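Only a predicted model underlies this, so the values are computations on that prediction, with no experimental measurement involved. Note that the numbering runs from 1 along the sequence shown for the chain. The figures that follow rest on heavy atoms only: side chains count, while hydrogens, waters and symmetry mates do not.
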Amino acid sequence: MSRPRIVIVGAGFAGYRTAKELSRKARGKADITLLNPTDYFLYLPLLPQVAAGILEPRRVTVSLSDTLPRVRLVLGEADGIDLDGRTVHYTDPEGARGTLAYDRLVLAAGSVNKLLPIPGVAEHAHGFRGLPEALYLRDHVTRQVELAAAADDPETCAARCTFVVVGAGYTGTEVAAHGQLFTDAQVRGHPLREGMRPRWILLDIAERVLPELDEHISRTADRTLRERGVEVRMGTSVKEATSEGVLLTDGEFVATRSLVWCVGVRPDPLAESLGLPMERGRLLVDPNLQVPGRPEVFACGDAAAVPDLQNPGQYTPMTAQHAWRQGRTAALNVAASLGAGVRRPYEHRDLGFVVDLGGVKAAANPLGVPLSGLAAGAVTRGYHLAAMPGNRVRVAADWLLDAVLPRQAVQLGLVRSWAVPLDTASPELAQAPGPGRRADARSGPGAATERDTRPAGDPAAGQEPEIVPSAGEAVIAEAKARETAERKSPEREPVEWDSPEWEPPEPARNQPGPEPAKNQPGPQPAKNQPGGESGQGPGSVARTDADPAEGDS
């Protein structure tokens with residue numbers, strides 16, 4: 001008798017934990033395949049420290065091959081799932097297509113950036129969901145400070161030193177907190193930058209910072225941010241974004257070259273493509289994480305609407321703490337469906353929350369005990385070390401070095417602005433201009449989240465995004481048309497257009513010049529977020545992102 005085939009889609013908190021537990025229980029008695037666009041698990045809670053130059057990028061990544069030795073890793077993004085044929089179709093990083101057959105399927109595709117229909121946001125803002133976005137933000141912030149120091153115009157200097165963060169949940173709060181410390185360190189001790197004061201603005205339509213947490217943590221975070229110099233503006237958001245700045249909902253125009261979008265997340269569109277019952281974009285499952293009517297299909301993490309047994313009638317929020325624990329339950333129930341063990345429902349009670357505010361500051365309430373300052377900072381970092389599935393020594397070493405040595409504020413130039421568009425369903429991958437780029441989310445009235453706001457079961461909600469020409473294609477087409485006209489003109493000599501060195505200008509702002517996109521991987525389909533779950537990882541102290549308006553970490 002052949003061994004059962006188990007396919008796991010996504011290696012975020014839920015998918016990684018499922019693969020880990022299944023490989024331990026199966027012990028070679030099942031063929032376990034993990035489909036993921038990257039070869040690492042991303043520990044999202046420490047991503048703000050990468051953007052602030054505290055941690056090196058590899059510190060927050062855990063090798064899938066090294067930590068899952070009995071699991072077959074397939075690099076690729078899921079294009080579609082044939083439920084009747086029990087196959088998963090995918091595209092690998094070089095554009096080749098493949099198919100995986102399964103006896104049991106675990107959908108842990110995660111989540112992607114949530115856009116709102118605000119003009120200019122998709123064109124001028126950048127998200128914070130993947131490693132490429134964190135690397136880009138670190139370079140971008142460093143560049144803006146350096147350009148501001150060299151600017152002769154005070155207004156230009158002020159605009160480049162102004163950074164606007166939208167969303168006061170976990171991600172936005174931590175990005176603003178770490179960002180203010182990072183830029184303050186850059187201008188301190190530099191004669192040419194004397195008198196420069198970096199300005200960080202944190203916006204949210206909510207009434208307070210971290211509205212999903214208790215008031216003690218919210219007040220601690222708000223006080224720390226304000227003492228550090230961050231402008232915290234609650235009840236305010238962005239009405240329009242331009243290349244010169246942002247227009248706020250209170251009517252003020254803020255000149256800036258930096259807009260960081262941390263509003264929240266939405267489930268990966270792959271879940272919608274299955275045509276099964278949904279709950280606000282999430283695949284409905286029973287307490288055992290099985291899809292009703294499809295006992296061979298399990299779902300967990302941000303892509304699944306899991307009943308909250310602690311709060312009847314509700315579903316567990318899209319957080320990493322739930323995704324991590326759901327991954328273990330999914331593994332146990334998959335094994336039980338194959339005759340090993342007994343099924344069990346998913347049930348979990350929060351034991352506390354931690355928020356890293358940079359430096360030695362943090363806010364936490366482990367087991368309901370409110371902490372702030374140095375004590376909260378120690379608990380927070382201890383929690384992260386315990387929660388990470390790898391790289392603990394390297395992370396601790398980087399923290400120690402950051403405490404005794406100044407940070408190196410240099411631009412590495414590894415990620416360009418067009419490589420991390422906000423309107424992508426694959427923030428874990430650096431994008432390259434090319435044909436067939438998906439338009440899953442765009443700015444402007446009625447565009448970005450029109451599908452997201454449709455009720456569950458609306459046939460239009462499951463439509464595939466329209467394939468539209470990318471910005472690079474539009475520029476090329478325009479150049480070809482202009483070149484054709486010039487060739488026909490008797491007053492000018494024909495010009496050879498087809499040069500391998502030519503590259504379309506970047507469609508995004510804040511770049512020193514166009515960058516040839518050589519040796520880039522092919523365009524990626526917008527599916528299957530690997531690190532999709534947000535918030536914190538496993539451990540005795542949990543963090544959540546249950547804010548309906550926020551939803552991410």
To the nearest 0.5 Å, what is the distance between [atom1] on [X] and [atom2] on [Y]?
X: Thr319; Y: Glu212; atom1: OG1; atom2: CD; result: 10.5 Å
X: Thr61; Y: Met388; atom1: OG1; atom2: CE; result: 8.0 Å
X: His126; Y: Leu259; atom1: NE2; atom2: CG; result: 9.0 Å
X: Arg129; Y: Glu428; atom1: CZ; atom2: CD; result: 9.5 Å
X: Leu371; Y: Thr380; atom1: CG; atom2: OG1; result: 8.5 Å
X: Asn36; Y: Phe41; atom1: CG; atom2: CZ; result: 10.5 Å

Open item on the list: Under the side-chain contact (heavy atoms from CB on, under 4.5 Å) test against Val165, which residue among Val175, Leu203, Ile201 passes?
Closed with: Val175
TODO: Keeping to residues at least two apart or across chains, list the salt bridge (charged side-chain N to carboxylate O under 4.0 Å, His left out) pairs with something in residues 400-410.
DONE: Asp402-Arg407
TODO: Provide the full list of salt bridge (charged side-chain N to carboxylate O under 4.0 Å, His left out) pairs with a residue in residues 386-399, sequence neighbours left out, each pair given once.
DONE: Arg59-Asp398
Task: Trace of the ring pair (Phe, Tyr, Trp, His ring centres under 6.0 Å) decision for His322 with Phe13 - done: CA-CA 9 Å; His322 283 293; Phe13 282 97; over 10 Å; no
Task: Whether over 12 other heavy atoms sit under 6.0 Å from Glu227 CD - done: yes
Check for a donor-acceptor pair, side chain of [X] on one end and backbone N or O of [Y] on the other, with a separation under 3.5 Å.
X: Asp139; Y: Gly413; value: yes
X: Gln144; Y: Cys161; value: no
X: Thr173; Y: Ala168; value: yes
X: Asn113; Y: Gly127; value: no
X: Ser111; Y: Asp302; value: no

TODO: Quick one: do Met234 and Glu207 satisfy side chain to side chain contact (heavy atoms under 4.5 Å, CB included)? Show the steps, please.
DONE: CA-CA 5 Å; Met234 296 294 97; Glu207 296 181 355; 5.7 Å; no
Task: Residue pairs involving residues 193-227 (criterion ring-ring contact (aromatic ring centres under 6.0 Å, His included); sequence neighbours excluded) - done: Phe163-Trp200
